[in-house]
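Letters A, B, ... mirror the listed sequences (proteins, then strands); counts begin at 1. As the structure is a computational prediction, the values presented were derived from the model and not from experiment.
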Amino acid sequence: MRDVFLYNTASREVEKLEPLSPPRVSYYSCGPTVYNHVHVGNLRTYVFTDTVRRVLEYAGYDVLHVMNITDVGHMTTDQDEGADKMQVAAERERKSPWEVAEHYTRLFLADVDALNVQRPHVLCRATDHIREMLDLTARLVERGCAYVTPSGVYFDTTAMPDYGKLARLNLSGQEDGARVEPHPDKRHPRDFALWKLDQPTHAMQWDSPWGRGYPGWHIECSAMAMRFLGETIDLHSGGIDHIPVHHENEIAQSECATGKTFAKVWMHAGFLTIGDTKISKSLGNFFTLSDLAGKGFDPLSFRYFCYTAKYRQPLNFTDQALRAAQKTLQGIRNFVRYAPESALSGEEPFVAPLREQFAAAICHDLNMPQAVAVVLEMIREANRTREPRVLEALFDFDRVLGLGLREVRSETTALPPTIRSRVAEREEARVQRDFARSDALRDEVLAEGWILEDTPEGVRVRPREREES
RNA sequence: GGCGCCGUGGCCAAGUGGUAAGGCAGAGGUCUGCAAAACCUCCAUCACCGGUUCGAAUCCGGUCGGCGCCUCCA
């Protein structure tokens, strides 16, 4: 097992990972609220999550990964007013909230599958764990950390002496409620709902000891993390925006209920920006994976693109940058595709130090840009020296990269007969030195999506990849 | 008002004390009938000012600029 060093938001330092009971690592990551398509910014976070898991596994840990699907609607504000996101979507699409959840869950999974994001070992829906949430809420009420009002059960943030520790909130300096009027039933503006009671029109309601209602947003993560991973988990991650409210509240309600540390390490992914601005619908920069596909980008190009910056940094999304990523990935694929059989076994001497560099890079807080630079150096060296015996290492690295390189190798590029015959025809023309004819044939074949390359070993035919002309 | 992040070549970016990784784009070359692929070469002194140090992109102070959060948000 190799030591892995991770930046812990809780300490604001890079720390050596010390799991509770190695080699097991319990890992909880926040999943989507399924009321709309996920955009490329969301997807960056899921690629990050998957990378965390892959790196830990590469380092020799046995990861148990749990992710939630938030399929309960929550208020768009923490107020009583405000529409429920799920309900809004349901009305918009003339479906029940359940159908909306099902629909977008399916789309979400299709997207992450396309990105080679491994499915978490446990993918849990909030609506399947109402019992656990009620139990946890009851526990908090019993312990005096929560109070019951006509509008709902609220967590009392003053019951948590170090509330705000994750985000290092300066409670006294904050202008609580400056922008949103807190609910009058709340004793303190930062208190948050564990169970809502006063939304009779809400489409999803369950019975509870306090009356019919539905859970608050934060409670599901605590309840499900504890159910599947125990009261203290090794690692918890999510988007950087979750630090001040969602994760702070998870910590508060979990630790008040158990008296134990909720998560030992907290990791947060930075935003993917467009024009140096966050993604939001109102700015019209809400891109989905299918939007990218429509522009000719391969989903895995996007995955590779995510590796061009450190996960904590904002990553600026531009067409040029994504094209660069796709181009580079195609170069890697070409290498894999055309390396001779002899490259599959054995290893060039220059590979060993690169293996070490690769492992060191990923284990140092997931330095993927550096890891990828090592990969490219290896390929360049293999091409340069014409000593291609690096595929074993490359496929090994791909356990972390998740770029599907092995699949590229085993792809059977079955040539349609019409293409095959024209390739043969072109070969004949070339022998006759009829280059006008030969070039015309090459163009024809290209138009149908096949690239011909003349090599000393003969003509090579490969499918044209997107964005390639 | 509070908390936090960032400013490295045309673009995306790594590097956090020893004289700037990598990719894409661009220029020139090798190879090729021409291409393609591949390889080689070239292309930045790190927003600005001051300080610490033998030495700073990297530490400290300040200035300017950009961004995020404090309200649902990856």
Is it true that [X] and [Y] have ring centroids separated by less than 6.0 Å?
X        : Y        : answer
A:His236 : A:Phe262 : yes
A:Phe108 : A:Tyr46  : yes
A:Trp217 : A:His242 : yes

Between [N] and [M], how many Å separate the two [atom1] atoms, rounded to a whole number?
N     : M     : atom1 : answer
B:G15 : B:C59 : P     : 13 Å
B:G10 : B:G1  : C1'   : 40 Å
B:G66 : B:A25 : C1'   : 25 Å
B:C5  : B:A14 : P     : 16 Å
B:A74 : B:C39 : P     : 40 Å
B:G29 : B:G68 : C1'   : 47 Å
B:G7  : B:C12 : C1'   : 15 Å
B:A44 : B:C6  : P     : 26 Å

Under 3.5 Å donor-acceptor pair, [X] side-chain atoms to [N] base atoms:
X        : N     : value
A:Arg380 : B:A38 : no
A:Lys278 : B:C73 : yes
A:Gln370 : B:G15 : no
A:Asp454 : B:C34 : yes

Nucleotide paired to [N] in any strand shown, Watson-Crick or G-U, under 3.5 Å:
N     : value
B:G17 : none
B:A44 : none
B:G4  : B:C67
B:U32 : none
B:C72 : none

Start with the C-alpha gap between A:His268 and A:Thr9, add the side-chain angles, then the distance that decides, and say whether side-chain hydrogen bond (donor to acceptor under 3.5 Å, both in side chains) holds.
CA-CA 7 Å; A:His268 293 95; A:Thr9 304; 2.7 Å; yes
Out of [options], which nucleotide sits closest to the side chain of [X]?
X        : options             : answer
A:Phe271 : B:C73, B:G68, B:C34 : B:G68
A:Arg462 : B:A13, B:A37, B:A35 : B:A37
A:Thr308 : B:C12, B:C24, B:A14 : B:C12
A:Lys327 : B:A14, B:C72, B:C24 : B:C24
A:Ala309 : B:C40, B:C72, B:A14 : B:A14

In terms of the nearest nucleotide of RNA chain B, which residue is placed more toward the 5' end: A:Pro32 or A:Phe305?
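Going by which nucleotide is closer to the 5' end, it is A:Phe305.
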RNA chain B: A:Arg460 or A:Arg430, which has the more 5' nearest nucleotide?
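Looking at RNA chain B, the more 5' nearest nucleotide goes with A:Arg430.
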For [X], report the nucleic acid contact type (base, sugar-phosphate, nothing); a contact means any heavy atom under 4.0 Å.
X        : result
A:His242 : sugar-phosphate
A:Gln313 : sugar-phosphate
A:Pro369 : base
A:Arg426 : base
A:Arg442 : base
A:Leu452 : base
A:Thr277 : sugar-phosphate
A:Arg312 : nothing
A:Arg44  : nothing
A:Ala269 : nothing

Between [X] ([atom1]) and [N] ([atom2]), how many Å, whole number?
X        : N     : atom1 : atom2 : result
A:Leu272 : B:C5  : CG    : P     : 20 Å
A:Lys310 : B:G15 : NZ    : C1'   : 10 Å
A:Glu453 : B:C34 : CD    : P     : 16 Å
A:His268 : B:A74 : NE2   : P     : 13 Å
A:Asp439 : B:C34 : CG    : P     : 11 Å
A:Arg323 : B:A13 : CZ    : C1'   : 18 Å
A:Leu446 : B:A36 : CG    : P     : 12 Å
A:Leu315 : B:A14 : CG    : C1'   : 12 Å

Chi angles and distances behind the salt bridge (Lys or Arg N to Asp or Glu O under 4.0 Å) call for A:Arg380, A:Glu377
CA-CA 5 Å; A:Arg380 190 178 353 98; A:Glu377 189 184 333; 5.6 Å; no
Just wondering, more than 12 heavy atoms not from A:Arg386 lying within 6.0 Å of its CZ?
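No, CZ of A:Arg386 has 12 or fewer neighbouring heavy atoms, counting only those of other groups under 6.0 Å.
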Counting only heavy atoms not in A:Arg2, do more than 12 sit closer than 6.0 Å to its CZ atom?
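Atom CZ in A:Arg2 is packed in, count exceeds 12.
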Check whether any side-chain nitrogen or oxygen of A:Asn367 sits under 4.0 Å from OP1 or OP2 of B:G15, and answer yes or no.
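Yes, such a contact exists.
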Under 4.0 Å: is that the gap between some side-chain N or O of A:Asn383 and OP1 or OP2 of B:A38?
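No, no such contact exists.
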Tell me whether the guanidinium CZ or amine NZ of A:Lys310 lies under 6.0 angstrom from the six-membered ring centre of A:Tyr7 and within 45° of its axis.
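No.
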On the six-membered ring of A:Tyr338, is A:Arg460 placed so that its NZ or CZ lies under 6.0 angstrom from the centre and within 45° of the ring axis?
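Yes.
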